[in-house]
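Since the structure comes first, as structure tokens, the remarks are kept for the end.
So you know, we letter chains A, B, ... as the sequences are listed, proteins then strands, and number each from 1.
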Amino acid sequence: MRPYHQNETGDVYQIVQDAIQLDKLARQVSQPEDGAIVTFAGIVRNNTQGRRTLYLEYEGYETMALRKMSEIGATIKQKWAVNQVGIVHRLGRLEIGETSVGIVITSAHRRIAFEACHFAIDTLKKIVPIWKKEFFEDGEVWIEGDFTQLPTS
Amino acid sequence: MRIMKIKVLLFARLREIVGSEMVELHRNEIFTVRDVWDTLQAEFPQVEGFGKSLLFSLNQEFADLNTRIEDGDELAIFPPVSGGDN
């Protein structure tokens, strides 16, 4: 069972419309050389500053998003001695508690896997063109990123 | 005079304000991203005031208002990104 597509270097960069299976992604990219597997799941929360959220909708510029996700992976592999990178983002309507983004970093030792995973989610939120709209009982609002953190390339 | 064909993709709140996910411009005198943005503002006045907080990409790479445009390019205009976790 290999639910995700691994590229020629064994890494996964994918956009999906259905539930992200982070455990399967981790198992798929892991290798005997790994001493650490760090995973991150971004989850749809049930409120924003106390206002009850019903669900979210994610929209993406898919071709560019995939390109930027693989750029993040390439940067990680230059900066840290990680073995594999897996980044999967989901689009469409997501309910409370569902996973919007899943990240897996494998490496021989834990420290660099933690650092690389932290870098991956922080950078994704700045340069990967995906937007979310939050739906409340009495309205809806686009969540927009911080424009002062402009990507440089 | 040569007429350029530029495909402009719009996303998120900008897509909703314009009411379309793609606008095709057929113009001469388009040289930079700024020319496209000016043309779009002329055709869709409702986007005015939005311009200070938008990102641009040309052929899936981040661009700015001074980036040069060639015939057949794919330009995208969108708000700052907010994907990932909450």
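By the rule that hydrophobic residues join a cluster once side-chain heavy atoms approach within less than 4.5 Å of another member, A/I127 and A/I76 end up as members of one cluster. By the criterion of side-chain heavy atoms lying less than 4.5 angstrom apart, applied directly or through intervening Ile, Leu, Val, Met, Phe, Trp or Tyr residues, A/I96 is grouped together with A/L91 in one hydrophobic cluster. No continuous path of hydrophobic side-chain contacts links A/Y4 to A/V82 [ILVMFWY only; heavy atoms under 4.5 Å]. Under a hydrophobic-cluster definition in which Ile, Leu, Val, Met, Phe, Trp and Tyr are linked whenever side-chain heavy atoms come within less than 4.5 Å, directly or via other members, A/V101 and A/V128 are assigned to the same cluster.
Considering every non-hydrogen atom in both B/S57 and A/Y61, the closest pair reads OG-CE2, 3.4 Å. When every heavy atom of A/L124 is checked against every heavy atom of B/V81, the shortest pair comes out as O-CG2, 4.4 Å.
Within the 4.5 angstrom heavy-atom criterion, only backbone atoms of B/N59 (N, CA, C, O) approach chain A. Only the side chain of B/E16 has a heavy atom closer than 4.5 Å to any heavy atom of chain A.
Other residues, nucleotides and ligands contribute at most 12 non-hydrogen atoms within 6.0 Å of the CZ atom of A/R110. Applying the 6.0 Å contact sphere to CZ of A/F114 captures no more than 12 heavy atoms from other residues, nucleotides or ligands. Heavy atoms of other residues, nucleotides or ligands lying less than 6.0 angstrom from CZ of A/R111 number 12 at most.
Contact of the A/E59 side chain with the B/E21 side chain is not registered, since no non-hydrogen atoms from C-beta on lie closer than 4.5 Å. A 4.5 Å side-chain heavy-atom check between B/F11 and A/M64 finds every atom pair outside the cut-off.
Remark: side-chain polar atoms of A/E144 are not paired, donor with acceptor, to backbone N or O of B/P80 under 3.5 angstrom. Counting only distance, with no hydrogens or angles, the side chain of B/S82 and the backbone of A/W131 share no donor-acceptor pair below 3.5 Å.
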- Message: Please determine whether side-chain contact (heavy atoms from CB on, under 4.5 Å) holds for the pair B/Q60 and A/K68, giving the CA-CA distance in whole Å, both sets of side-chain angles, and the decisive distance to 0.1 Å.
- Response: CA-CA 9 Å; B/Q60 292 101 50; A/K68 291 293 156 194; over 6 Å; no
